[in-house]
There are 2 protein chains.
Amino acid sequence: MAAQRIEDTQGTDDGLREYEEKASAFVERFASDLADAGMQRMGARVFACLLSAEDGTLTSAELAERLRISPAAVSGAIRYLAQVRMVSRRRTPGSRRERYVVHEDTWYSSMINREHFLTRLAATLNSGVTALGKDTEAGRRLRETEEFMLFLQDELEGILARWEQRRAARAASS
Amino acid sequence: MAAQRIEDTQGTDDGLREYEEKASAFVERFASDLADAGMQRMGARVFACLLSAEDGTLTSAELAERLRISPAAVSGAIRYLAQVRMVSRRRTPGSRRERYVVHEDTWYSSMINREHFLTRLAATLNSGVTALGKDTEAGRRLRETEEFMLFLQDELEGILARWEQRRAARAASS
DNA sequence: CTATAGATTCACAAATTTGTGAAGTTAAGA
DNA sequence: TCTTAACTTCACAAATTTGTGAATCTATAG
């Protein structure tokens, strides 16, 4: 872990500690950004920590140590992250330890689809059109909002596809 | 208010009450969706209420009555909504009352840009690349994530432009 | 089959967030 | 200028959320 950095600093303890401090500072800042966007705090911290891990993978114990939190907190955060499909559990055969891993290629779409948020919102708005009457001004406004949500949902899928293409193209050329 | 609906139900008190109940049920459901997505609860309720109002406008007193909340709560929610540019205050000259109004044509973009969330995230990720070292695997992962955020930000602007076009086209043809 | 590492669940305490009443401001109207 | 309607701010109480230690569960190793 952090081999590169250790080398840069002639492998001194100070160098390693400095590296860890910088890494930790970044993790907290990133987590804080995510939390501001509505993500629960521990979930954000664990996710940030995983994303910053050299191979995108950490065990429960490693997470607990790096973030200074209890195993229970790790467990709760992982449950949440697994639910929203940003992380998955990986059981190494022949070990009791479980490793948690960032879905590097799909967490973007999980982030965007957020439990079908837009689709659900559109359905709710549709019920509003019925409730308020489709010929009222309010009904018209809700209908338009509904259409926007569906439009957005659709476009987002296009964006993800384009990103995958771009990514694939870059991978092929390098 | 709700003229259409009153007509539908022969203007009976029962009809009006029924309409109000349905409207309120929708407002709460919509607010709940928004709250699930990370929006603060009162902000969501006030916003949903405004969006459902016949002309997209209500006074502080009307909001307090419809949502059964104190003037202080209205004030707090409006402060928040104004800050994220989803609602603005409108002072009718020659009146002490203030009206709050949904930015019908711009709240989508406010919703999407959410205080430059993506740009900020990209900046944070960039600092992570520096902290972890750009030649490490983690650094590479963060850089890619940063690129995705910038890509997404860019694409979202395109989407909004397309939506405006679509909207304009429809308005012209009807 | 048993012992135990390791993850999860649960009840509770701490911390945070939220909404209220009351006091304080601001500006319209007399 | 004075009065007062209407919005805002503030301190606090209520409610919610969060993280912990302890107990519990699961499945690997022996």
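Every chain is numbered from 1, with letters handed out A, B, ... down the list of sequences.
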* Report the residue (A:A72 or A:R97) whose heavy-atom-nearest nucleotide on DNA chain C is the more 5′ of the two. =>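 Closest to the 5' end, via its nearest nucleotide, is A:R97.
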* **Contact nearer the 5' end of DNA chain C, comparing A:R41 with A:T59** =>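 Its nearest nucleotide lies further toward 5', so the answer is A:T59.
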* To do: Can you figure out which of C:dT18, D:dT8, C:dA7 approaches the side chain of B:Q40 most closely?
  =>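 The answer is C:dT18.
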What does [X] touch in the nucleic acid at a heavy-atom separation under 4.0 angstrom: a base, only the sugar-phosphate, or nothing?
X     : answer
B:Y80 : nothing
B:I78 : nothing
A:R45 : nothing
A:S75 : base

* **ring pair (Phe, Tyr, Trp, His ring centres under 6.0 Å) contacts touching residues 29-58 of chain A (sequence neighbours left out)** =>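 Of all non-adjacent pairs touching residues 29-58 of chain A, those that pass ring pair (Phe, Tyr, Trp, His ring centres under 6.0 Å) are A:F26-A:F30, A:F47-A:W107.
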Provide a list of protein-nucleic acid N or O atom pairs under 3.5 angstrom, restricted to nucleotides 28-30 of chain D.
unit_1	atom_1	unit_2	atom_2	d
D:dT28	O2	A:R96	NE	3.4
D:dT28	O2	A:R96	NH2	2.4
D:dA29	OP1	A:G94	O	3.2
D:dA29	O4'	A:R96	NH2	3.2

* Starting at CZ of B:R29, measure out to OG1 of A:T124 and round the result to the nearest 0.5 Å. =>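 So the gap between those two atoms works out to 4.0 Å.
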* Asked: Could you state the interatomic distance from CD1 (B:I159) to CZ (B:R166), rounded to the nearest 0.5 Å?
  ->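 So the CD1 of B:I159 and the CZ of B:R166 are separated by 11.5 Å.
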* To do: For the residue pair A:M42 and A:R45, establish whether any side-chain heavy-atom pair is separated by less than 4.5 Å.
  =>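 When only atoms from C-beta onward are counted, A:R45 and A:M42 do touch, with a gap below 4.5 Å.
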* Asked: So, does B:T136 use its side chain to make a donor-acceptor pair with the main chain of B:G133 at under 3.5 Å?
  ->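 Confirmed, B:T136 side chain pairs with B:G133 backbone.
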* **Donor-acceptor pair, side chain of A:E62 and main chain of A:T59, under 3.5 angstrom** =>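 Present.
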